[in-house]
Amino acid sequence: MHLDLNLLTALDALLEENSVTGAAARLHLSEPAMSRTLARIRTALHDPVLVRSGRRMVPTPRAVEIRAEVRELLHRAHAVFAAPAAPDPSTLDRTFTLLASDLAVSVAAPLIGRIAAEAPGVRLRFLGETPQTDAPALRSGEVDLDIGVVTDPPPEIRTEVLLRERLVPIVRAGHPLTRGRLTLRRFADAVHVSASRRGKLTGPIDELLERRGLRRRVALATPTYAAAMLMVAQTDLVGLGAERFGRATMAVLNLVPLPVPGLDLPPLELAQAWHARFDADGGHRWLRARVKEVVLTSLS
């Protein structure tokens, strides 16, 4: 038998009011409509539910027996459709897997510190980026959150831009380009290292140089900016570093930015991405908020 769950709401009102008129008023229905609903309830329960006793109606023994259960079922049904409450971070016991570029991993330390203070039961697992698109890992649930440069995400992947980061040319301290007048041609004539997880030897910087009639020579490509910085620190190669994300690493490796005249590179958009099924998940929303806060405060 098909059961209309709206009958549960009507039955609760009838048992609370012990009156068709009162139940109709509570549910903003007409008395005839409520009378028809009561008839359907009687058929479904095989019980008259309410019977007349003088000028009022009284519940049957069966109705009295199920009154509390009906109210509990209704409360549980409302809870299912209610907006989820924000979780208490101190009670979270969960492992989150994050896919992060090496730029994003630079904020791992403050993020871990923040999470340890708020949610000691939460554990973070960082995975490195792959040469392919990372959407399948988000779809499968293998990865909870992707932090980095997200390009052309499929419709089911949600994204939030955290900040825009500027890339700047970098060299080791004492590099020949740090002496004398620096020009765009001198910069282009140097030997470069590229940071690309897909192993690309060219990028936006080459398009910009080509418009000026210049071309650079890229000697090698590394999968991460951190690896490229290590190469720059030990050679006369010229690389690119993130102005804010790479600040601490550049200081440790004794690297310096090169203010190259006429080299205006487009900024990178650092974003966090997740699958749509986690949109309303309380724990996941808490994590995304912490990531955003840490990125903005630690790089300000």
For P87 and G283, the nearest pair of non-hydrogen atoms, with its separation, is CG-N, 3.9 Å
Between D144 and R94, does any NZ, NE, NH1 or NH2 come within less than 4.0 Å of an OD or OE carboxylate oxygen? no
task: Please answer: with hydrophobic residues joined when any side-chain heavy atoms are less than 4.5 Å apart, are L220 and L167 in the same cluster?
output: no
Review point. Under 4.5 Å between any side-chain heavy atoms of V256 and V171, yes or no?
Key: yes
*Is it the case that more than 12 heavy atoms not belonging to R40 sit under 6.0 Å from its CZ atom?*
no
Review point. Less than 4.0 Å between a side-chain N and a carboxylate O, is that true for R217 and D189?
Key: no
Just wondering, are more than 12 heavy atoms of other shown residues or ligands nearer than 6.0 Å to CD in E210? no
inquiry  = Ring-plane angle category for F278 and H284, please: parallel below 30°, perpendicular beyond 60°, tilted otherwise.
reply    = parallel
The reported gap from CG in L99 to CG in D146 (rounded to nearest 0.5 angstrom) is 4.5 Å
Report task. Evaluate the side chain to side chain contact (heavy atoms under 4.5 Å, CB included) criterion for residues V20 and T37: first the C-alpha distance (whole Å), next the side-chain angles of each, then the deciding distance (0.1 Å), finally the verdict. Result -> CA-CA 10 Å; V20 171; T37 300; over 6 Å; no
Heavy atoms of P267 and R164 approach each other most closely as CB-CB, 4.3 Å
Student check: side-chain heavy atoms of D12 and L73 closer than 4.5 Å: no
Within-4.5 Å side-chain heavy-atom neighbours: R290 and E293
yes
#### Entry: F96 vs I115, side chain to side chain contact (heavy atoms under 4.5 Å, CB included): CA-CA, chis, key distance, verdict
CA-CA 11 Å; F96 290 102; I115 288 178; over 6 Å; no
Q) Do V49 and L74 share a hydrophobic cluster (ILVMFWY, side-chain heavy atoms under 4.5 Å, transitive)? A) yes
dist E243:CD -> L265:CG (nearest 0.5 Å) comes out at 11.0 Å
message: Any salt bridge linking R288 with E160? Criterion: basic side-chain nitrogen under 4.0 Å from a carboxylate oxygen.
response: no
Determine yes or no for a side-chain-to-main-chain donor-acceptor pair under 3.5 angstrom, with E31 supplying the side chain and A24 the backbone. no
Got a donor-acceptor contact below 3.5 angstrom from the R55 side chain to the R52 backbone?
-> no
ask   = Is there a path of hydrophobic side-chain contacts, each under 4.5 Å between heavy atoms of I, L, V, M, F, W or Y residues, that connects M57 with L45?
value = yes
For L253, is there any backbone N or O sitting under 3.5 Å from a side-chain donor or acceptor partner on R172? no
Closest non-hydrogen atoms of L208 and G262, given as atom of the first, atom of the second and distance, are CD2-O, 3.9 Å
Report task. Give the cluster check for M250 versus V232: same hydrophobic cluster or not, with ILVMFWY residues linked at side-chain heavy-atom distances below 4.5 Å. Result -> yes
| Same cluster (ILVMFWY, side-chain, under 4.5 Å), V193 and L268 | no
(message) When you compare the side chain of L162 with that of I147, does any pair of heavy atoms fall below 4.5 Å?
(response) yes
>> Could you tell me if the side chain of R216 sits less than 4.5 Å from the side chain of V238, heavy atoms only?
In response: no
Using modelled atom types only, decide if a donor and an acceptor are shared between the side chain of T60 and the backbone of A63 within a distance under 3.5 Å.
yes
Rounding to 0.5 Å, atoms CG (L240) and NE2 (H192) come to a distance of 8.5 Å
* Start with the C-alpha gap between R186 and L177, add the side-chain angles, then the distance that decides, and say whether side chain to side chain contact (heavy atoms under 4.5 Å, CB included) holds. => CA-CA 8 Å; R186 280 189 70 197; L177 288 181; 3.7 Å; yes
- Could you walk me through whether L258 and L263 pass the side chain to side chain contact (heavy atoms under 4.5 Å, CB included) check? CA-CA 10 Å; L258 278 181; L263 190 68; over 6 Å; no
Closest non-hydrogen atoms of D88 and S90, given as atom of the first, atom of the second and distance, are OD1-OG, 2.9 Å
Separation between CG (L138) and NE2 (H275), nearest 0.5 Å, reads 8.0 Å
- Task: Check whether any side-chain heavy atom of L14 lies under 4.5 Å from a side-chain heavy atom of M34, and answer yes or no.
- Result: yes
* Test item: P89 and V122 side chains (from C-beta on) under 4.5 Å apart, heavy atoms -> no
**Asked** Counting N and O atoms only, with roles assigned by atom type, does the side chain of T95 sit under 3.5 Å from a partner on the main chain of R123, one being a donor and the other an acceptor?
**Response** no
d(T202 OG1, E207 CD) to nearest 0.5 Å is 7.5 Å
Closest non-hydrogen contact found for L50 with R42 is O-NH2, 2.6 Å
Here the pair of heavy atoms bringing A195 nearest to A228 is CB-CB, 4.1 Å
(request) Answer yes or no: is there a side-chain heavy-atom contact under 4.5 Å between L230 and T222? (result) no
Rounded to the nearest 0.5 angstrom, the CG-OG1 distance for L38 and T43 is 9.5 Å
